[in-house]
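Worksheet: the structure to be examined is printed underneath.
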Amino acid sequence: VQLQACGGGPVKEGGSLRLSCVVSTDLFNTNIVGWYRQAPGQQRDLVASVTAIGVTNYANSVKGRFTISRDNAEKTVHLQMNDLKPEDTAVYYCRLGWHTNYWGHGTQVTVSS
């Protein structure tokens, strides 16, 4: 199982980025996918998730600014991040399933004020 995450980078406050996570296994079709983030010295927290049938969930800190979506044909989950704030700066990881070790390698998002 491989998860390839991409789309991070530097951005100014108020800007946008779109993260993508491509999953290599058909397990994608029946599993939830989540985006998590980890800032330096902080724990890794769930940002958003989308179930196999498209039900989404968001952390309060990103509601109204981030949108998660999945493309089942491409086995890809996107995280559209708008109105980015410096506190969104972190390494972002995607994960397949709950309580699994199926993680992407992480992509850095740096928001400057």
Side-chain angles (χ1 to χ4, degrees):
V1 175
Q2 289 188 328
L3 287 78
Q4 297 288 335
C6 64
V11 65
K12 294 281 193 182
E13 184 173 9
S16 298
L17 285 173
R18 188 190 196 212
L19 307 183
S20 297
C21 175
V22 182
V23 181
S24 69
T25 171
D26 287 344
L27 290 173
F28 176 88
N29 298 329
T30 55
N31 276 274
I32 194 168
V33 176
W35 278 101
Y36 296 71
R37 67 187 180 188
Q38 187 168 20
Q42 303 294 317
Q43 66 182 19
R44 191 174 297 186
D45 292 324
L46 180 66
V47 174
S49 63
V50 58
T51 71
I53 59 170
V55 177
T56 58
N57 185 55
Y58 298 92
N60 287 336
S61 59
V62 306
K63 279 181 181 176
R65 300 187 298 123
F66 291 12
T67 302
I68 191 170
S69 61
R70 65 190 289 154
D71 181 336
N72 289 335
E74 298 293 329
K75 296 190 183 66
T76 302
V77 171
H78 301 290
L79 184 68
Q80 177 67 41
M81 306 187 295
N82 298 327
D83 190 23
L84 283 159
K85 306 175 185 298
E87 52 264 41
D88 295 317
T89 294
V91 179
Y92 283 70
Y93 301 87
C94 56
R95 185 185 197 180
L96 177 67
W98 288 125
H99 311 297
T100 71
N101 283 325
Y102 300 144
W103 292 94
H105 54 78
T107 183
Q108 176 72 47
V109 172
T110 304
V111 185
S112 58
S113 57

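Residues Ala5 and Trp35 share a closest heavy-atom pair of CB-CH2, 4.0 Å. Nearest heavy atom pair, residue Arg95 against residue Thr100, reads NH2-O, 2.7 Å. Closest approach of Asp83 to Asp88, counting heavy atoms only: O-OD2, 4.4 Å. Closest heavy-atom contact between Tyr58 and Ala48: CD2-CB, 3.6 Å. Taking all atoms of both residues into account, the shortest heavy-atom contact from Ala59 to Leu46 is CB-O, 3.6 Å. When every heavy atom of Ala90 is checked against every heavy atom of Ala39, the shortest pair comes out as CB-N, 3.8 Å.
In terms of hydrophobic clustering, with Ile, Leu, Val, Met, Phe, Trp and Tyr side chains grouped at heavy-atom distances under 4.5 Å, Val50 and Leu3 are assigned to a common cluster. By the rule that hydrophobic residues join a cluster once side-chain heavy atoms approach within less than 4.5 Å of another member, Ile68 and Ile32 end up as members of separate clusters. Cluster annotation: Val109 is not connected to Tyr36 through the hydrophobic network of ILVMFWY side chains, with a link wherever side-chain heavy atoms come within less than 4.5 Å. No chain of hydrophobic side-chain contacts below 4.5 Å, direct or via other Ile, Leu, Val, Met, Phe, Trp or Tyr residues, connects Leu79 to Val22.
Interatomic distance, Phe66 CZ to Ser16 OG, rounded to the nearest 0.5 Å: 9.5 Å. The CD atom of Gln108 sits 11.0 Å away from atom CD of Gln38, with the distance rounded to the nearest 0.5 Å. Separation of atoms CG (Leu19) and OG1 (Thr76) is listed at 12.5 Å; rounding is to 0.5 Å. Atom CD of Gln2 is separated from atom NE2 of His105 by 9.5 Å, given to the nearest 0.5 angstrom. One distance of note links NZ of Lys75 with CG of Asp26; it measures 4.5 Å at 0.5 Å rounding. In this structure, Lys12 NZ and Leu84 CG are separated by 13.5 Å, a value rounded to the nearest 0.5 Å.
For the pair Arg70 and Phe28, the distance from NZ or CZ to the six-membered ring centre is under 6.0 Å and the angle to the ring normal is within 45 degrees.
For OH of Tyr102, the number of neighbouring non-hydrogen atoms (other residues, nucleotides, ligands) closer than 6.0 Å is 12 at most. Applying the 6.0 Å contact sphere to CD of Glu13 captures more than 12 heavy atoms from other residues, nucleotides or ligands.
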query: Would Val62 and Arg37 satisfy side chain to side chain contact (heavy atoms under 4.5 Å, CB included), going step by step from the backbone distance to the final call?
result: CA-CA 12 Å; Val62 306; Arg37 67 187 180 188; 4.0 Å; yes

- request: Before giving the answer on side chain to side chain contact (heavy atoms under 4.5 Å, CB included), spell out for Cys6 and Thr107 the whole-Å C-alpha distance, their side-chain angles and the decisive distance to 0.1 Å.
  value: CA-CA 6 Å; Cys6 64; Thr107 183; 5.5 Å; no

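Using a 30° and 60° split on the angle between ring planes, Tyr93 and Trp103 fall in the perpendicular class, above 60°.
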